Asks: 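My questions all concern the structure below.
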Number of protein chains: 2
Amino acid sequence: MNIGEVAERSGIPPKTIRYYEDIGLVRPQRSGNGYRAFRETDLHKLAFLGRARALGFSIEDCRNLLSLYEDETRESAQVKTIAEEHLSAIDDKIAQLQEMRETLSHLVEACHGDHRPDCPILKDLSGALAGCKPTTGRSAD
Amino acid sequence: MNIGEVAERSGIPPKTIRYYEDIGLVRPQRSGNGYRAFRETDLHKLAFLGRARALGFSIEDCRNLLSLYEDETRESAQVKTIAEEHLSAIDDKIAQLQEMRETLSHLVEACHGDHRPDCPILKDLSGALAGCKPTTGRSAD
DNA sequence: CCTTGAGCTTCCAGTGACTGGAAGCCCTAT
DNA sequence: ATAGGGCTTCCAGTCACTGGAAGCTCAAGG
């Protein structure tokens with residue numbers, strides 16, 4: 001198989017497949033013309049990588065998962081550990097994003113978003129207290 | 001003010017402040033000895049940047065927010081638009097992470113995580129149906 | 001005056017995981 | 001013979017920093 005076909009079947013772009021070879025994740029053979037010659041196992045590995053990446057595993061995690069996958073003497077605990085750590089990293093990220101979301105959505109709601117320059121979002125970013133409504137005036141609808 | 005004091009007061013590391021100058025976000029003056037000489041307004045800007053970055057705005061967003069902040073003729077709608085787009089990007093990211101989290105947590109639960117090699121996580125990544133009982137089905141080699 | 005050490009300067013390189021583009025070879029069809 | 005598409009390599013850029021090296025400046029202590 002040439003790289004184009006593998007790319008199509010694995011869903012991973014040719015550029016990325018070459019990159020994966022560069023960093024040693026796959027080692028396709030070469031045809032006489034210098035083209036990469038992929039076997040079914042290479043395709044299989046790439047599909048594995050694609051799914052692992054889609055779950056957000058880092059390349060280094062993928063490398064480890066792949067070697068565990070190929071190691072018949074692995075202990076599932078090793079795999080589980082990697083997955084659990086990743087899961088907890090995802091949880092952290094979600095929590096962080098939700099905190100941002102919380103703050104930001106309040107600010108967006110508070111901003112009337114019209115032609116006037118007055119803006120609670122900027123006020124908050126500039127360090128003023130945004131939540132305190134000054135007695136100055138009523139916001140529009 | 002030298003960079004060290006500004007770093008401390010703004011919470012932004014010196015390296016980052018220099019980087020922000022590089023990309024034109026702040027333009028401190030220079031003392032005779034070549035040291036950066038920050039004014040209060042520079043400090044103010046850096047604090048603004050720190051808060052905007054903490055809300056996840058990209059550097060380009062920050063640049064735009066900063067120029068709106070300094071533009072007395074701005075319309076709050078412009079600010080709101082930037083914030084809304086960012087908010088929606090955050091929502092997308094949260095959704096994506098939650099989907100990963102969902103899949104991954106099921107897999108982690110399903111994996112007994114002991115000394116045996118059998119592992120539903122790897123099985124899933126390799127493309128097999130994770131819920132299926134073993135059927136020996138080896139793919140082509 | 002000299003030394004020491006902290007703080008400042010610049011520039012270069014690396015991070016993660018690709019992605020775009022240029023220059024050029026290979027293969028097939030017409 | 002030529003045209004096109006696919007393949008090759010290598011270089012550079014992305015994003016937002018961060019680390020480190022080499023070297024200058026400044027204030028304090030001996």
Side-chain angles (χ1 to χ4, degrees), chain A residues 1-38 42-43 45-46 48-66 82 85-86 89-90 93 96-97 100, chain B residues 1-38 42-43 45-46 48-66 85-86 89-90 92-93 96-97 100:
Chain A
M1 265 181 289
N2 282 348
I3 201 168
E5 187 183 342
V6 178
E8 186 153 352
R9 289 176 60 186
S10 67
I12 299 175
K15 275 278 190 191
T16 304
I17 295 176
R18 290 193 194 100
Y19 171 69
Y20 285 173
E21 183 187 9
D22 260 12
I23 62 174
L25 286 182
V26 280
R27 306 185 188 281
Q29 298 180 315
R30 295 288 176 142
S31 315
N33 57 12
Y35 286 18
R36 286 169 184 80
F38 295 85
D42 295 318
L43 175 59
K45 269 196 197 184
L46 286 165
F48 183 101
L49 287 169
R51 279 182 287 264
R53 293 287 300 128
L55 286 180
F57 285 104
S58 73
I59 289 289
E60 276 321 293
D61 279 349
C62 288
R63 194 190 298 280
N64 293 326
L65 289 171
L66 208 46
I82 293 175
E85 276 169 14
H86 180 46
I90 286 177
K93 219 171 219 173
Q96 194 196 348
L97 285 171
M100 286 180 188
Chain B
M1 261 181 292
N2 282 348
I3 201 169
E5 188 183 342
V6 178
E8 186 153 350
R9 290 176 60 187
S10 68
I12 299 175
K15 275 278 191 192
T16 305
I17 296 176
R18 292 193 193 101
Y19 170 68
Y20 285 172
E21 182 187 9
D22 260 13
I23 61 173
L25 286 182
V26 279
R27 306 185 189 281
Q29 299 180 315
R30 295 289 176 140
S31 315
N33 57 12
Y35 286 18
R36 287 169 183 81
F38 296 85
D42 295 319
L43 175 59
K45 268 197 198 184
L46 285 166
F48 182 101
L49 287 169
R51 279 182 287 264
R53 295 285 300 129
L55 286 181
F57 284 104
S58 73
I59 289 288
E60 276 321 293
D61 279 348
C62 288
R63 194 190 298 281
N64 294 326
L65 288 171
L66 208 46
E85 276 169 13
H86 179 46
I90 286 177
D92 290 353
K93 219 170 219 174
Q96 194 195 348
L97 284 171
M100 285 180 189

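Heavy atoms only: backbone and side chains are in, while hydrogens, waters and symmetry mates are out. The structure presented is a predicted model; accordingly, all values stated were derived computationally and were not measured. Here is how names work: the chains are called A, B, and so on, in the same order as the sequence lines, proteins then strands, and each is numbered from 1.
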Asks: Could I get the full list of side-chain contact (heavy atoms from CB on, under 4.5 Å) partners for R27(A), not counting sequence neighbours?
Replies: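 Testing R27(A) for side-chain contact (heavy atoms from CB on, under 4.5 Å), a comparison that skips the adjacent residues, returns none.
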Asks: For DNA chain C, what residues of residues 2-12 of chain B have any heavy atom nearer than 4.0 Å?
Replies: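 Per residue number, the list reads N2(B), I3(B), G4(B).
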Asks: Figure out the CD1/C1' separation between I17(A) and dT9(D), and round it to whole Å.
Replies: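 For the pair I17(A) CD1 and dT9(D) C1', the rounded distance is 17 Å.
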Asks: For DNA chain D, find the residues of residues 21-30 of chain A with a heavy-atom distance under 4.0 Å and give them by number; none if there aren't any.
Replies: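 The answer is R30(A).
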Asks: The helix from dC1(C)-dG30(D) to dT30(C)-dA1(D): angle between its terminal axes, five pairs each, to 10°?
Replies: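 For the helix from dC1(C)-dG30(D) to dT30(C)-dA1(D), the axes at opposite ends meet at about 40°.
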Asks: Which pairs of donor and acceptor atoms, one on a side chain in residues 3-12 of chain B, lie under 3.5 Å apart (sequence neighbours left out)?
Replies:
| unit_1 | atom_1 | unit_2 | atom_2 | d |
| --- | --- | --- | --- | --- |
| E5(B) | OE2 | R9(B) | NH1 | 3.3 |
| S10(B) | OG | V6(B) | O | 2.8 |
| S10(B) | OG | I12(B) | N | 3.2 |

Asks: Test of understanding: with ring pair (Phe, Tyr, Trp, His ring centres under 6.0 Å), list the residues that count as partners of F48(A), not counting sequence neighbours.
Replies: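 Ring pair (Phe, Tyr, Trp, His ring centres under 6.0 Å) check on F48(A) returns Y69(A).
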Asks: Once side-chain contact (heavy atoms from CB on, under 4.5 Å) is applied, do any residues pair with N33(B), and if so which ones, sequence neighbours excluded?
Replies: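 In terms of side-chain contact (heavy atoms from CB on, under 4.5 Å), with neighbours along the sequence ignored, N33(B) is linked to S31(B), Y35(B).
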Asks: Mind checking side-chain contact (heavy atoms from CB on, under 4.5 Å) for N64(B) and listing every partner two or more places apart, or none if nothing turns up?
Replies: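 By the side-chain contact (heavy atoms from CB on, under 4.5 Å) rule, N64(B) matches I82(B).
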Asks: Suppose we screen for side chain to side chain donor-acceptor pair (under 3.5 Å). Which residues come up paired with Q29(B), at least two apart in sequence or across chains?
Replies: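 Side chain to side chain donor-acceptor pair (under 3.5 Å) list for Q29(B), sorted by chain: empty.
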Asks: Thinking salt bridges, do R63(B) and E60(B) make one under a 4.0 Å N-O criterion?
Replies: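 Salt bridge: yes.
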Asks: With sequence neighbours excluded, tell me which residues meet ring pair (Phe, Tyr, Trp, His ring centres under 6.0 Å) with F57(B).
Replies: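 With sequence neighbours excluded, F57(B) shows a ring pair (Phe, Tyr, Trp, His ring centres under 6.0 Å) to H86(B), given in chain and number order.
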Asks: Identify the pairs formed between an N or O of the protein and an N or O of nucleotides 15-23 of chain C at a distance under 3.5 Å, and give each distance.
Replies:
| unit_1 | atom_1 | unit_2 | atom_2 | d |
| --- | --- | --- | --- | --- |
| dA17(C) | OP1 | I59(A) | N | 3.4 |
| dA17(C) | OP2 | I59(A) | N | 3.4 |
| dA17(C) | O3' | R53(A) | NH2 | 3.3 |
| dC18(C) | OP2 | Y20(A) | OH | 2.6 |
| dC18(C) | OP2 | R53(A) | NE | 2.8 |
| dT19(C) | OP2 | T16(A) | OG1 | 3.1 |
| dG20(C) | N7 | K15(A) | NZ | 3.2 |
| dG20(C) | O6 | K15(A) | NZ | 3.0 |
| dG21(C) | O6 | K15(A) | NZ | 2.1 |

Asks: Is any side-chain N or O of R36(B) closer than 4.0 Å to OP1 or OP2 of dT10(C)?
Replies: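 Checking R36(B) against dT10(C): at least one side-chain N or O falls below 4.0 Å of OP1 or OP2.
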Asks: Each nucleotide in nucleotides 24-30 of chain C should get exactly one letter: B, S or -. Can you fill that in based on protein heavy atoms under 4.0 Å?
Replies: --BS---
